[in-house]
Structure formats: structure tokens, C-alpha cells
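Notes follow the structure.
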Amino acid sequence: MTGTAFTPRVFSGIQPSGGLTLGNYLGALKRFVDMQDAGTHECVYCLVDLHAITVWQNPDDLRKQTREAAAAFMAAGVDPARSVLFNQSQAPAHAQLAWAFNCVARMGWMGRMTQWKDKAGKNSEQASLGLFAYPALMAADILAYHATHVPVGEDQKQHLELTRDIAAKFNHDFGVDFFPITEPVIDGPATRVMSLRDGTKKMSKSDPSDMSRINFSDDADKIAQKFRKARTDPEPLPATYAELKDRPEARNLIDIYAALAAKSTDAVMAEVGGQGWGQFKPHLAEVAVEVLSPMTGEMNRFMDDPAEIDRILGEGSAKAREISEPILAKTYEIMGMIAS
Ligand code: TYM
């Protein structure tokens with residue numbers, strides 16, 4: 001941490017690049033709501049449409065997915081009266097600060113990002129420049145609000161380390177104590193929800209197999225079917241969580257259950273240890289439906305009135321600009337830009 005006392009403030013975001021998954025919900029969205037409800041921090045939550053366009057997005061789809069993501073946030077419990085909820089492109093300080101950070105961050109730092117390597121793969125010459133610079137925009141998202149805490153899933157840890165490096169280098173290069181060294185908040189049993197088809201791969205909206213994930217839009221039958229068909233080993237559930245160490249698929253289902261039921265993994269093992277899959281999977285599906293169905297219903301209700309969603313996002317972006325613009329202006333001043 002720097003010596004400056006920063007207002008406790010949470011920032012986090014989700015890409016509206018497809019429907020949200022159970023991974024997004026348990027790893028991020030549910031925890032956004034918990035942090036909002038704790039009332040200890042100002043919360044700023046963002047649909048990162050500028051991040052989404054680092055890979056091709058059909059404009060009509062992007063519009064629809066952004067509204068759907070906003071509806072999902074609200075259905076999950078993000079309250080626009082208590083948290084700032086907006087889409088990234090409408091607060092220009094993100095892109096403006098990202099440019100400054102492009103000049104602070106080093107090519108080598110970006111090249112080491114595992115997400116860049118995974119997404120660009122062998123075809124990096126054809127990847128967009130934006131995909132390479134993506135983590136500098138993410139640092140700008142966070143630091144444009146002087147956010148002190150960022151709840152994310154495990155896969156974003158490296159990007160948050162880079163955000164800390166950018167803040168520290170900026171502070172050092174300009175001899176200031178201006179940007180906070182943000183703390184990642186990666187906790188709970190579901191910081192890395194795995195694919196239902198392969199326990200070594202993350203559950204992801206971009207996985208070609210729809211059976212690998214639970215979507216916010218899935219109905220009760222679909223959820224039950226996906227859990228029933230989820231890949232597992234043939235052994236029954238053991239008595240303790242530690243015994244799941246080398247059973248990634250089984251451990252994943254237990255983690256999901258624990259997160260959905262808001263129980264510790266030890267409490268879950270005490271409850272379900274010894275059960276076979278024929279007994280456990282329907283029970284898991286039931287709990288998932290209990291948690292997800294009301295949210296899906298609520299999300300569809302919001303989607304019936306897209307103009308209202310746009311109005312809410314508009315109000316959110318006005319609040320976002322109020323916080324981020326003075327921080328951007330001060331950053332430019334520190335760097336030597338003349339304000340005209
Ligand atoms: P994105 O859109 O891929 O995912 C949004 C959030 O969901 C979490 N998540 C998961 N958590 C557990 N298990 C999973 N299988 C799973 N899949 C996704 C992610 O960790 C993330 O918290 N770069 C970010 C978005 C972003 C951001 C930011 C986040 C842009 N700017 C500033 C925080 C702060 C991303 O692509 O997340």
C-alpha cells in the first residue's frame with residue numbers, strides 16, 4: 001500500500017461478450033452483491049464493452065448482450081441506487097487513462113499474460129492490438145476510480161498483479177503517491193468453476209460445447225440435464241474434502257454446491273459424503289434451480305423494458321464520469337499535459 005489513505009472502493013467488471021455463466025455468477029457477480037450489501041465500500045460495477053470488442057462482436061449482439069448483462073446484474077441483486085452500474089464506453093476516462101497506461105506498461109509485461117497467450121495462440125500476428133493492450137485498459141478501469149478492492153475469479157489474478165505494477169511504476173516514475181496499490185479479492189469455494197465436461201478446463205462462455213456450462217438463460221430442465229450429464233469418475237463421494245484432491249470433476253461439483261448453498265466445503269462433505277452420483281447430482285441440480293430460476297425470471301422481466309435498462313445505465317455512467325474525470329484530469333496534470 002502507498003502512504004495515502006484512499007476511500008474504500010470496489011470496482012469490477014464483466015465482458016458482455018455472450019450470455020453469463022454460472023462461473024461468472026459464483027466467481028464474480030454473487031460476490032459483487034455481497035460486497036455491496038456489506039456496505040463497507042462504495043461499489044462501482046461495469047459492463048466492459050470496450051474489452052469485449054478486442055475480439056469481433058456483431059453490433060446488434062453486443063447491444064443485446066450488454067442489456068442482458070445489465071439485467072443479470074440487477075436480477076442477481078446489484079442495486080443501481082446503491083452501486084454504480086454502467087457500461088464502460090460511456091465513461092471516456094477509461095479509454096483515455098488506458099492510453100496513458102499503454103505508455104507506462106512494458107511490452108514484455110503484456111507478452112507474459114497467460115490470457116493473451118491463450119487467446120491469441122499461435123495466430124498472434126492476426127490478433128487485434130487491443131487484445132494485446134487489454135490489461136492496460138483493465139488497469140485503467142480500476143485506477144480511474146482509485147479502487148482499493150477488486151473482486152474477481154482466479155483467472156484474473158495475473159491481470160490484477162499487472163494493475164499493481166502499473167500503479168507502482170506510475171507513482172515511481174512521476175514521484176507521486178497518486179494511484180492505490182489495489183487488493184484483489186479472490187475468495188470463497190468458487191473462484192475457479194470448471195467445465196462440466198472437463199474438470200481441468202475453466203467453465204467459459206466461449207467454450208464450443210454448451211453442455212460444458214450452465215447459462216443464466218438455461219431453464220430448470222436444461223440445468224438438471226447438464227448436471228446429470230456432467231462428467232464424473234465412477235467412485236462415490238468421499239467423507240472429506242481433502243480426498244477430492246485428485247478428482248477434479250468431483251471436486252468441481254462439490255465446490256459449485258457449496259457456493260450455491262452458501263455452505264463450507266467441510267459442511268457439504270459432512271452432508272453428502274458417501275453418496276453416489278445418482279443421488280448427489282439431482283440434489284445439486286435442485287439447489288442450482290432454486291438459486292438461478294428466480295434470477296432468470298427477474299432478468300427476463302428487466303429485458304421486457306430495454307429503454308428502462310438504458311436509462312439506468314445512463315444514470316450510472318453519469319455517476320461514473322463524476323468520479324473518474326477528476327482522477328483522469330489529475331493524472332494528465334501529473335504527466336505534464338496543459339489543461340486548456
Ligand atoms: P470475464 O468477463 O471473463 O469474467 C467476469 C468475471 O467472472 C469471473 N469468471 C469466473 N470465476 C470463476 N469461475 C469461472 N469459470 C469464471 N469465469 C469467469 C472472472 O474471473 C471475472 O471476475 N478482464 C475481465 C473483465 C474486466 C475487469 C476489469 C474485471 C475488465 N476490467 C476491471 C475486474 C476489474 C474479464 O474478461 O472477465
Side-chain angles (χ1 to χ4, degrees), residues 20-35 37-38 76-77 114 151-158 183-205 207 209-216 218-296:
L20 299 189
T21 69
L22 184 63
N24 294 130
Y25 175 64
L26 295 177
L29 194 44
K30 181 176 191 295
R31 298 168 54 235
F32 298 174
V33 177
D34 291 344
M35 292 190 91
D37 292 350
T114 50
V152 283
E154 180 69 39
D155 62 334
Q156 296 301 316
K157 190 169 178 215
Q158 199 187 24
E183 291 296 329
V185 185
I186 303 174
D187 55 25
T191 55
R192 191 169 175 80
V193 177
M194 307 310 276
S195 156
L196 300 181
R197 307 300 304 161
D198 177 350
T200 64
K201 265 175 51 188
K202 179 183 85 160
M203 182 181 286
S204 162
K205 50 194 155 200
D207 192 310
S209 163
D210 189 59
M211 292 301 283
S212 70
R213 61 180 163 263
I214 305 289
N215 303 303
F216 255 59
D218 290 341
D219 61 22
D221 287 347
K222 193 91 205 165
I223 292 173
Q225 184 202 23
K226 285 179 175 178
F227 278 125
R228 198 168 55 243
K229 296 211 164 159
R231 194 171 143 189
T232 46
D233 53 42
E235 301 298 316
L237 285 161
T240 62
Y241 188 72
E243 291 167 81
L244 291 170
K245 191 168 138 300
D246 298 318
R247 298 175 61 185
E249 282 90 8
R251 195 179 59 215
N252 187 39
L253 295 185
I254 291 294
D255 287 342
I256 291 174
Y257 180 83
L260 284 169
K263 290 181 179 165
S264 72
T265 47
D266 285 344
V268 168
M269 295 318 290
E271 179 189 333
V272 305
Q275 288 187 6
W277 295 110
Q279 192 179 359
F280 177 69
K281 281 177 166 179
H283 185 43
L284 170 60
E286 213 173 281
V287 174
V289 169
E290 235 168 68
V291 174
L292 296 177
S293 287
M295 270 190 306
T296 311

- Query: Has the side chain of W277 got a donor or acceptor atom that lies under 3.5 Å from a matching backbone atom of D233?
  - Reply: yes
- Do I256 and V193 touch side chain to side chain, with heavy atoms closer than 4.5 Å? yes
- Heavy-atom donor-acceptor pair, K205 side chain to T21 backbone, under 3.5 Å: no
- Task: Indicate yes or no for a side-chain donor-acceptor contact from E249 to the backbone of G199 under 3.5 Å, with no hydrogens or angles considered.
- Result: yes
- Message: Distance alone, cut at 3.5 Å: any donor-acceptor contact between the side chains of D198 and T200?
- Response: yes
- Query: Got a second to check how far L260's CG is from E286's CD, nearest 0.5 Å?
  - Reply: 12.5 Å
- Message: Under the criterion salt bridge (charged side-chain N to carboxylate O under 4.0 Å, His left out), I'd like the reasoning laid out for K226 against D210: C-alpha separation, chi angles, the key distance, then a yes or no.
- Response: CA-CA 9 Å; K226 285 179 175 178; D210 189 59; 3.0 Å; yes
- Query: According to the interplanar angle, ranging from 0 to 90°, do the rings of Y25 and F216 count as parallel (below 30°), tilted (30 to 60°) or perpendicular (above 60°)?
  - Reply: perpendicular
- Is the shortest distance from a Lys or Arg side-chain nitrogen in D218 or R213 to a carboxylate oxygen in the other one below 4.0 Å? no
- Item | Any donor-acceptor N/O pair, R231 side chain to S212 backbone, under 3.5 Å | no
- In Å and rounded to the nearest 0.5 Å, what is the CZ to CE distance from F227 to M211? 11.0 Å
- Query: Would you say E154 and I186 make side-chain contact, with heavy atoms under 4.5 Å?
  - Reply: yes
- Is N252 reaching over with its side chain to a backbone N or O of M194, donor-acceptor style, under 3.5 angstrom? yes
- Task: Give a yes or no on whether the backbone of L253 and the side-chain of K281 come within a donor-acceptor separation of less than 3.5 Å.
- Result: no
- Message: Measuring from atom CG of D255 to atom CG of L26, what distance do you get when rounded to the nearest 0.5 angstrom?
- Response: 10.0 Å
- Task: Report yes if some heavy atom in the side chain of V33 is under 4.5 Å from a heavy atom in the side chain of K30; otherwise report no.
- Result: no
- Query: Do NZ/NE/NH1/NH2 and the carboxylate oxygens of R31 and D187 come within less than 4.0 Å?
  - Reply: yes
- Can you tell me how far CD1 of I214 sits from CG of L20, rounded to the nearest 0.5 angstrom? 14.0 Å
- Task: Determine whether K157 and T191 make a side-chain contact, defined as any pair of heavy atoms from C-beta on separated by less than 4.5 Å.
- Result: no
- State the NZ-CD distance between K263 and E271, to the nearest 0.5 angstrom. 3.5 Å
- Any donor-acceptor pair under 3.5 Å from T232 side chain to A250 backbone: no
- Query: Quick one: CG on D155 to OG1 on T114, what's the gap to the nearest 0.5 Å?
  - Reply: 8.5 Å
- Task: Heavy atoms only: give me the nearest A288-I223 pair and the separation to one decimal.
- Result: CB-CG2, 3.9 Å
